[in-house]
Amino acid sequence: MMVLMNADAVTDQSEEVLKRIAAHNLHAVRLPGDEHIAIGITSAIPSNLRESLTNELAALPGVDHVVQISRPYKLASREFHREDTVINIKGVEIGGNTCVVMAGPCSIESREQLYAAANAVQQSGAKVLRGGAYKPRTSPYAFQGLGLEGLRLLKEVGDELGILTITEVMAPEDVASVAAHTDILQIGARNMQNYPLLIAAGKSGHPTMLKRGPSASLDEFLLAAEYLLHHGTPDVLLCERGVHPLDRTYTRNTLDLNAVPALKHISHLPVIVDPSHGVGVARYVPAMAKAGLASGADGLMIEVHPNPKEALSDGSQSLIPEEFEKTMGQLKLIASAIDRSL
Ligand code: PEP
Ligand code: MN
């Protein structure tokens, strides 16, 4: 439920609305917007209260009208927040007219490997360096990441080159140390519904990119994003990274590009497409990166490795720097064809 105040409503009148809502033990927030003051109720409203509460609030002085919200998520919905959210991190805007490319290796393996990838992707126009230090691996015998040492390398290389960084956090107790070493936290697909992790990341207030679980519906995805918003970070990025495929013979996942225009319609949050995990085969990544951008994504996340054959994870879906550079040139043309830039 959302209460829209008259254009000339005074502060005391909106305070009264907030008080009445609180008296029913419901949580409400003031919503951004320049024309009218709006107040949104984020709590689930018991069905037997809905009608009487609507009448009670609509009758208060200064209230223009009360709108019922159809979505299960509130803070993530475009009903609550009409304008696109543009996140500004150290001067780099994500969600605005310029599309942002995040690129780098799946895993941080050494300073040399990370620096070579970082330098190459930055030269080609990437604005964010990716690299995993804590890796969610299907097998316990696979490379698990360099942990804290990897975080240190990421910060060192990011600072040296002056490029933003993003890295995955897997455990609530690691949120503070990961946030101290990176500009954007990444919550991986496997952890999309790890609620203690979402709460800890939300409470950190740090910008966070949430990857869609491979079987998650868009409502489940946005309700997971709602946890981050509700617990305190306004800077949330949504990432489509492929859903469970019908067939794994030729590709790893199925990049659900339907999700991009749908998410842009129902949510105000920036949408990033990850074609690397989405298709899972390096040869097909450039095509799906271009399709992702054309579908309306605000950015892309692409795995790039200086020597994919030697990579400790996801080498088979990683581009070499030359392929990445070529793809970036094509992406720039697509961006300009849809009145955006890169
Ligand atoms: C990754 O970005 O390397 C990763 C593990 O991604 P996902 O969570 O989408 O599988
Ligand atoms: Mn990977």
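Just so it is clear, the structure is predicted and the values come from calculations on it, not from any experiment. Remember, it's 1-based here, ligands and their atoms both numbered in the order they're listed.
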Exercise for review: Would you mind finding which of R137, M102, K211, M301 brings a heavy atom closest to atom 7 (P) of ligand 1?
Suggested key: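 The nearest heavy atom belongs to K211.
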Indicate yes or no: at least one non-hydrogen side-chain atom of [X] is less than 4.5 angstrom from one of [Y].
{"X": "L293", "Y": "L342", "answer": "yes"}
{"X": "H81", "Y": "L269", "answer": "no"}
{"X": "I320", "Y": "E323", "answer": "yes"}

Judged by modelled atom types alone, do [X] and [Y] share a side-chain donor-acceptor pair under 3.5 Å?
{"X": "H305", "Y": "E310", "answer": "no"}
{"X": "T42", "Y": "E226", "answer": "no"}
{"X": "T249", "Y": "D247", "answer": "yes"}
{"X": "S70", "Y": "E79", "answer": "yes"}

Point to revise | Minimum-distance atom from the Mn ion (ligand 2) among N, O or S atoms of E303 | key: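 In E303, the N, O or S atom with the shortest distance to the Mn ion (ligand 2) is OE2.
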Check your understanding: In D314, what N, O or S atom is nearest to the Mn ion (ligand 2), if we give its atom name?
Key ->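 It is OD2, the N, O or S atom of D314 closest to the Mn ion (ligand 2).
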**Study point:** I272 with F324, same ILVMFWY side-chain cluster at under 4.5 Å
**Key:**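 I272 and F324: separate clusters.
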**Study point:** Distance from atom 4 (C) of ligand 1 to nearest protein heavy atom, with residue and atom
**Key:**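 Result for atom 4 (C) of ligand 1: H277 NE2, 3.4 Å.
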Exercise for review: Look at atom 8 (O) of ligand 1 and say which protein heavy atom is nearest, naming residue and atom and giving the distance to 0.1 Å.
Suggested key: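 Scanning the protein heavy atoms, the shortest distance from atom 8 (O) of ligand 1 goes to A189 N, 2.8 Å.
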Go through ligand 1 atom by atom and flag the ones less than 4.0 Å from a non-hydrogen atom of [X].
{"X": "R241", "value": "7 (P), 9 (O), 10 (O)"}
{"X": "E303", "value": "3 (O)"}
{"X": "G188", "value": "8 (O)"}

Looking only at distances, can you tell me whether any N or O atom of [X], backbone or side chain, sits closer than 3.5 Å to an N or O atom of ligand 1?
{"X": "R130", "value": "yes"}
{"X": "D274", "value": "no"}
{"X": "E168", "value": "no"}

Practice item. Would you give the angle at the Mn ion (ligand 2) between C106 atom SG and H277 atom NE2, to the nearest 10°? Key: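 Approximately 170° at the metal, rounded to tens of degrees.
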**Study point:** With E303, the salt bridge (Lys or Arg N to Asp or Glu O under 4.0 Å) member among R252, R130, R241
**Key:**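 Result for salt bridge (Lys or Arg N to Asp or Glu O under 4.0 Å) with E303: R130.
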Check your understanding: Does ligand 1 have an atom that lies less than 4.0 angstrom from a heavy atom of C106?
Key ->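 Flag set, C106 near ligand 1.
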